[in-house]
Amino acid sequence: MRSVRKCSRTGCLEPAVATLTYAYGDSTAVVGPLATASEPHSYDLCEAHAMRLTVPRGWEVVRHEGAFSPPEPSGDELTALAEAVREAGRTERPEPGTPEPAHPGATGTDTGRRGHLRVLPGHA
């Protein structure tokens, strides 16, 4: 299972293999291996963008030495995937054309239900 995170560069659909973080106080851009979690103040980059990154004059780039590679799936990712598959298998699906039963607390104002979403009249 490969990383589902994509490169942050506009228009790039390649998988992310590196994380870019700026140290503004030191005028430094740090490009390292892909962080385990996406952070709001860092950017995921594909290998091409990680290797070609340029910075403003006076800034320094600290780059991971060696090749970038997609991270191995963690046990948590595999466990979450397995749980999602099990949960999907447990869900009973009604026959096509059969109205779904009202959920607890229904007020009779529901006009339709699809999965976990409900359509309520007068709400756009």
Side-chain angles (χ1 to χ4, degrees):
M1 182 165 153
R2 298 189 82 104
S3 172
V4 295
R5 287 163 48 192
K6 300 290 181 196
C7 183
S8 297
R9 295 292 301 260
T10 303
C12 185
L13 300 175
E14 294 298 313
V17 297
T19 297
L20 166 64
T21 307
Y22 291 107
Y24 293 99
D26 297 327
S27 300
T28 303
V30 180
V31 180
L34 187 63
T36 56
S38 182
E39 296 290 329
H41 299 292
S42 62
Y43 303 90
D44 294 337
L45 299 175
C46 66
E47 185 170 15
H49 285 122
M51 298 306 290
R52 292 193 323 235
L53 177 76
T54 59
V55 295
R57 189 179 319 245
W59 279 61
E60 182 181 356
V61 177
V62 176
R63 203 180 312 266
H64 168 73
E65 290 185 21
F68 292 106
S69 61
E72 295 295 319
S74 70
D76 291 342
E77 290 171 336
L78 294 175
T79 301
L81 178 61
E83 286 298 320
V85 169
R86 273 190 225 110
E87 187 63 31
R90 288 185 197 129
T91 304
E92 294 181 22
R93 292 191 170 69
E95 292 294 321
T98 306
E100 292 201 21
H103 61 285
T107 61
T109 59
D110 295 338
T111 60
R113 184 174 172 95
R114 183 169 186 109
H116 68 283
L117 302 176
R118 291 182 290 144
V119 177
L120 300 175
H123 293 83

Can you give me every donor-acceptor pair (side chain of residues 19-31, partner residue at least two apart or in another chain, under 3.5 Å) with its distance?
residue: T19; atom: OG1; partner: A35; partner atom: N; Å: 2.8
residue: T28; atom: OG1; partner: D26; partner atom: O; Å: 2.9

Do W59 and M51 sit in the same hydrophobic cluster, where Ile, Leu, Val, Met, Phe, Trp and Tyr count as joined when their side-chain heavy atoms come under 4.5 Å apart? yes

Does anything in residues 40-54 pair up under salt bridge (charged side-chain N to carboxylate O under 4.0 Å, His left out), and if so which pairs, sequence neighbours excluded? R5-D44

With hydrophobic residues grouped by side-chain heavy-atom distances under 4.5 Å, do V17 and V62 end up in a single group? no

Close side-chain approach of E60 to V55, heavy-atom, < 4.5 Å: no

